[in-house]
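Below you'll find the structure, written out as structure tokens, and then a few comments.
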There are 2 protein chains.
Amino acid sequence: VLAGVGHVGRAFLSLLQEKVETLSSRYGLDLCLRAVLKSDGGFISRSGLGIDRICEIASGPINASPDWNPGLTVEAALGRIPPGVLVECTPSNIKTGEPGLSHIRSALDNGWHVATANKGPLVVDLKRLRERAQKNHLALKFSGAAAAALPALDVGRYSLAGTEIQAIEGILNGTTNYMLTKMGQGVDYAEALRDAQAMGIAEHDPSLDVEGWDTAVKLMLISNVVLGLDISLSDIKVSGITKVSRATLVETKKEGQAVKLLGRIRRDQGDFQAEVAPTAIDRRHALFHVDGAEKGITFLTDTMGAVTVIGGKSDPRGAAAALLKDILNIYTSNL
Amino acid sequence: VLAGVGHVGRAFLSLLQEKVETLSSRYGLDLCLRAVLKSDGGFISRSGLGIDRICEIASGPINASPDWNPGLTVEAALGRIPPGVLVECTPSNIKTGEPGLSHIRSALDNGWHVATANKGPLVVDLKRLRERAQKNHLALKFSGAAAAALPALDVGRYSLAGTEIQAIEGILNGTTNYMLTKMGQGVDYAEALRDAQAMGIAEHDPSLDVEGWDTAVKLMLISNVVLGLDISLSDIKVSGITKVSRATLVETKKEGQAVKLLGRIRRDQGDFQAEVAPTAIDRRHALFHVDGAEKGITFLTDTMGAVTVIGGKSDPRGAAAALLKDILNIYTSNL
């Protein structure tokens with residue numbers, strides 16, 4: 001069941017259409033789309049919706065179709081279908097978590113796994129949602145909300161299992177990294193922002209990105225999952241890039257350094273300190289060469305040394321691919 | 001049960017000693033060492049061996065201890081203990097796969113999961129061993145043999161699930177990367193090799209490393225698992241670094257490029273072509289900055305773009321940490 005048909009929801013529908021046969025032959029997993037919901041209604045079919053048809057409808061005004069059920073809610077849809085995975089892609093509200101928070105709670109209370117790209121519910125209620133999932137032996141996966149196609153959560157939790165992680169540092173927001181890279185080349189802040197908006201990688205209101213909150217949310221999610229903490233946004237000291245000048249960047253570059261908006265958390269005498277701030281790093285730093293809209297993350301461990309992951313598409317298709325990966329990993333044994 | 005008490009086996013024992021309490025509190029997993037075996041005998045206890053004591057013994061001539069059972073074999077030990085995980089660290093023989101191959105077959109036939117750092121059995125019989133594990137619902141994990149603490153298999157199989165991987169390129173051998181880095185700085189081949197040997201990162205007989213076979217084995221394992229292929233070493237065109245001159249490296253560096261011993265496999269009209277060869281890459285390549293004994297791997301995908309992982313200790317402790325990670329992931333649910 002898909003809730004939300006914005007950029008990521010639509011990308012997820014296209015990806016499903018493109019991949020459904022390969023997934024069946026390669027993983028033995030037959031995915032079937034049984035409902036698609038928006039805020040004012042949806043499509044539902046116990047025997048499965050034709051994905052081709054849904055994709056076609058989704059490219060136009062979706063609620064004009066004759067199969068449209070006005071007023072159908074996520075909660076109602078989940079009750080009418082045998083449990084599977086709820087794919088939550090409704091708009092993110094990091095103050096209330098709604099409407100995604102109610103959708104996810106309802107899913108976890110009714111035997112549904114959840115894969116979500118929606119940060120809001122996780123910012124508001126991560127700990128209790130994870131407890132609810134665990135209690136009911138259900139998966140709550142959110143790669144799509146944490147760093148999308150950059151496998152930050154997987155590597156931290158799965159590949160570094162058994163290590164003691166002393167610090168995590170990440171370039172977790174492609175928009176600001178793109179802007180800082182441009183500014184280092186001599187472009188001013190306003191022009192770098194216009195560029196990013198023209199490329200479709202910055203929102204019309206870019207404040208969540210440029211003020212550092214998008215990075216802070218991702219840092220919070222990664223820290224809580226990977227380090228087993230329970231920090232909230234207010235535990236992170238956040239400063240964005242709005243006060244960084246082109247002159248500073250050009251000067252830093254001359255000195256062989258680069259300014260990056262780093263989200264980082266480090267162990268400090270048993271406690272953890274988390275911060276988001278523009279930071280000058282030199283070429284020995286593993287993230288020094290992560291330029292443009294690219295993202296990257298470094299984990300410092302006791303037994304495996306430093307492990308860095310770089311890349312992963314930042315667009316809706318990358319986020320949709322992260323959702324699909326999470327779904328596959330819910331159903332595929334890790335043996 | 002641990003088979004093999006060489007560098008990696010000893011590192012695994014120390015790591016177990018160091019981590020056993022943390023693992024119990026963090027993952028709820030109580031690891032218990034029930035047997036340790038060498039080629040001429042071993043220690044065994046159904047109720048568990050004292051890890052502290054075993055570590056102490058392992059630092060000296062192990063078979064001088066009064067608890068030593070001369071002639072005890074892995075097969076016999078597995079039959080006398082309730083099934084768990086066999087940790088296979090005996091010396092690697094890539095021609096016969098023995099003695100590890102018999103150990104692993106015996107484990108999988110008797111209900112034991114396997115985590116191994118031994119390349120030999122996998123080179124000789126990977127496909128059938130994996131089928132045997134799958135048929136018996138057992139795990140056969142070998143991060144420790146593929147790229148140790150660099151999570152190449154995890155990222156390829158788990159984090160990129162559902163993507164179509166078009167190519168994989170890796171710097172998979174720390175020794176040769178160290179030597180090439182040194183030679184780029186003007187040191188000649190013989191001196192670079194002596195350096196690597198003095199640092200303990202090159203064997204006394206370095207031929208497997210410098211002739212490219214270590215890289216080829218890792219490429220084979222990663223390709224077969226991640227791309228679902230069934231290639232053997234003879235399907236890979238292998239050339240090492242023995243004919244690379246300091247002059248070429250210095251010249252390449254002047255042109256802004258770096259020579260790396262790359263293992264790569266790429267889709268070529270439906271088929272895959274695999275090769276190990278010294279390759280000049282420029283600074284736009286994701287592995288350009290991977291210098292010294294560091295390793296790295298890049299996956300090119302259809303839906304997630306390029307994803308690169310860099311780092312992970314190359315020493316016995318890193319390999320031991322990879323074994324421990326695999327064990328944790330066998331017993332920890334992926335929900």
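Every chain is numbered from 1, with letters handed out A, B, ... down the list of sequences. What you see is a predicted model; the values in this text were computed from it and never measured.
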**Message:** Working to the nearest 0.5 angstrom, can you tell me the gap between A/Thr303 OG1 and B/Leu324 CG?
**Reply:** 7.5 Å
**Request:** Using non-hydrogen atoms and a 4.5 Å limit, figure out which bit of A/Tyr27 sits close to chain B: side chain, backbone, both or neither.
**Result:** side chain
**Item:** Interface residue of largest heavy-atom contact number with chain B, from A/Ala306, A/Gly228, A/Ala11, A/Ala320, under 4.5 Å
**Value:** A/Ala306
**Region of B/Leu23 in contact with chain A, defined by heavy-atom distances below 4.5 Å** = side chain
**Request:** For each of B/Gly305, B/Ser159, B/Gly311, B/Ala321, tally heavy-atom pairs with chain A at distances under 4.5 Å, and name the one with the top tally.
**Result:** B/Ser159
**Message:** For chain B, which candidate among A/Ala322, A/Ser143, A/Gly162, A/Ala319 shows the most heavy-atom pairs at distances under 4.5 Å?
**Reply:** A/Gly162
**Asked** Any sub-3.5 Å donor-acceptor pair from A/Asp154's side-chain atoms to B/Tyr158's backbone N or O?
**Response** no
**Request:** Below 4.5 Å from any heavy atom of chain B, which atoms of A/Leu328 appear? Answer side chain, backbone, both or neither.
**Result:** side chain
**Message:** Closer than 4.0 angstrom, basic N to acidic O: yes or no for B/Lys19 and A/Asp302?
**Reply:** yes
**Item:** B/Arg284/A/His289 under side chain to side chain contact (heavy atoms under 4.5 Å, CB included): CA gap, chis, key distance, verdict
**Value:** CA-CA 9 Å; B/Arg284 284 164 307 182; A/His289 302 283; over 6 Å; no
**Asked** Can you tell which of B/Ala286, B/Ala161, B/Ala149 has the highest number of heavy-atom pairs within less than 4.5 Å of chain A?
**Response** B/Ala161
**Request:** Kindly indicate whether the side chain of A/Glu164, heavy atoms from C-beta on, has any atom under 4.5 Å from the side chain of B/Arg26.
**Result:** yes
**Complete:** Per side-chain contact (heavy atoms from CB on, under 4.5 Å), A/Val309 is matched among B/Val307, B/Ile310, B/Val155, B/Thr308 by B/Val307
**Rounded distance (nearest 0.5 Å) linking atom NZ of B/Lys325 with atom CE of A/Met304** = 5.0 Å
**Prompt:** Of the backbone (N, CA, C, O) and the side chain (C-beta and beyond), which part of A/Leu150 lies under 4.5 Å from a heavy atom of chain B, both, or neither?
**Reply:** neither
**Request:** Answer with side chain, backbone, both or neither: which region of A/Gln134 has an atom nearer than 4.5 Å to a non-hydrogen atom of chain B?
**Result:** neither
**Prompt:** Which region of B/Arg283, side chain (C-beta onward) or backbone (N, CA, C, O), has a non-hydrogen atom less than 4.5 Å from a non-hydrogen atom of chain A, or is it both or neither?
**Reply:** neither
**Message:** Just checking B/His7: does its NE2 atom have more than 12 heavy atoms from other residues, nucleotides or ligands closer to it than 6.0 angstrom?
**Reply:** no
**Request:** Against chain A, label B/Leu29 side chain, backbone, both or neither, depending on which of its atoms sit under 4.5 Å from a heavy atom there.
**Result:** neither
**Prompt:** If you draw a 6.0 Å radius around CZ in B/Arg128, do more than 12 non-hydrogen atoms from other residues or ligands fall strictly inside?
**Reply:** no
**Request:** Name the member of B/Ser314, B/Gly318, B/Gly312, B/Gly296 that forms the most heavy-atom pairs with chain A at distances under 4.5 Å.
**Result:** B/Gly312
